[in-house]
Amino acid sequence: MSLQAKNEAQAQVALQMQALRKRYVEKLEESLSVIEAGIDACDTADMTPEQRETIRTCAHRLAGTGTTYGFAAISTTARALDDVLKATPMIPVNRLKPLLERLYDACSEARSQTTDMPAQPGFGHRQGQGATQVALKPRKLPILLAADDDEAILSLFGQLFADQFEVITARHAEEALRLMRLYRPDIVLLDDIMPGSITGLKFLEFLQRSGEFATMPILMVTASDAEADITRGLNAGARGYVTKPFDAVEVKQKVQAILARG
Amino acid sequence: MSAAPVPRLKRIMCVDDERDILDVAQLCLETVSGFEVKTCTSGQEALTKVEAFAPDLILLDVMMPGMNGPETLADLRKKVALNGVPIVFMTARIQSSEIKAYLKLGAAGVIPKPFDPMALSSDVERIWEECHEPSGEK
């Protein structure tokens, strides 16, 4: 192969690498979920051997791939975690936490470099994140995602569930999807009529088709009160349907009932 | 007497359970150097496909679920058709004692992970040439 042909081939590789890199970063969401669950387990000192192995597998994979995709910090931090998890005797769970946090930050930073998603503040120094979501500290409470374009409704949900959940908010379906992938909320309250290209009901049907959040409970809270809409929502997998104007106590009871059913 | 010319490397089999690795390796080896590449996501798959593909060289991950790299290498070495085909480990475990152990198992070389995509082809070609040097034949 001539030098010119080789240069052209390398340029072609660089171009195609961008697509692979994008896919790699999208898949980092799965790793972030594993890591975040690991941090939670460190907080509660309750990490099963299976979870430890899942984290080790995840760290090993990231260690072997991060630099190849241009994210050296992922490889470095994942290698440190992988090494510790392989050590014998077994390292106590509380010593894993800073390593998990560093890997989380490296993955989050990689994502922010490649997408328009903002980097999440590090676990060690999480701050408020502006208007679209409340500050996320290391998780202790379950997460409730409220998707609604009405600020008053979002504010009400924030107050209503503040004692039981970390409440995060989205103003349209696309943002809801991003936050669902990022934080894996324990329950989602979903409005139907929101700005953007997709309504809540269409979004629900999209989720049902994709199967990505098959087990994530979703409660519709919407002014779309036609019988056909209610049937459509429940057929698309909503665990409950509340019409606006709603009784706050009723919404709270429904959320508790849905979570109790599991 | 002059040394025999190094045969041309054409066909490479890549074995790794990680799709992200296989995709980058295939992209680089095919596009940069024009190799024909076959990817396998497990040792078992490699064993079933290796004879039909008849690779000149095999890149083999060390840590894989099911059959790991050394186990796969041992079974590949039992196949007469693969006699003399260099098998190169790709691994993140590259302490000198570990590399010695890989070579003792019969590996022709080691490519450290994570690897530089742009350098992968030249690393593979270097190992291929080392395998065919009169004094370095493995």
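Computed from a prediction, not measured in an experiment: that's the story for all the values here. In what follows, chains are A, B, ... by sequence order, proteins preceding strands, each numbered from 1.
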>> Measuring from atom CZ of B:R19 to atom OG1 of A:T65, what distance do you get when rounded to the nearest 0.5 angstrom?
In response: 14.0 Å
> What option among B:P65, B:C28, B:A92 has the most heavy-atom pairs under 4.5 Å with chain A?
Replying inline: B:A92
Taking only distance into account, with no hydrogens and no angle test, what donor-acceptor pairs under 3.5 Å do side-chain atoms of residues 69-76 of chain B form with protein atoms, sequence neighbours excluded?
{"from": "B:E71", "atom 1": "OE1", "to": "B:N68", "atom 2": "N", "distance (Å)": "3.0"}
{"from": "B:T72", "atom 1": "OG1", "to": "B:N68", "atom 2": "O", "distance (Å)": "2.8"}
{"from": "B:D75", "atom 1": "OD1", "to": "B:K78", "atom 2": "NZ", "distance (Å)": "3.1"}

>> Please classify the contact of A:R21 with chain B as side chain, backbone, both or neither, using a heavy-atom distance under 4.5 Å.
In response: neither
>> Please evaluate residues A:Y24 and B:V24 with respect to the criterion side chain to side chain contact (heavy atoms under 4.5 Å, CB included), reporting the C-alpha separation (whole Å), side-chain torsions for both, the decisive distance (0.1 Å), and the verdict.
In response: CA-CA 11 Å; A:Y24 180 78; B:V24 172; over 6 Å; no
> Would one find more than 12 heavy atoms of other residues, nucleotides or ligands at under 6.0 Å from atom NZ of A:K202?
Replying inline: no
> Around atom NZ of B:K10, are there more than 12 heavy atoms of other residues, nucleotides or ligands at under 6.0 Å?
Replying inline: no
>> If you count heavy atoms of other groups shown closer than 6.0 angstrom to CZ of A:R95, is the number above 12?
In response: no
> Once you round to the nearest 0.5 Å, how far does CG of B:D23 lie from OG1 of A:T68?
Replying inline: 12.0 Å
>> On a heavy-atom basis, which atom in A:R79 and which in B:K113 lie closest, and how many Å separate them?
In response: NH2-O, 3.5 Å
> B:P114 and A:S75: which non-hydrogen atoms are nearest, and at how many Å?
Replying inline: CG-OG, 3.4 Å
> Salt bridge between B:D20 and A:R61, side-chain N to carboxylate O under 4.0 Å?
Replying inline: yes
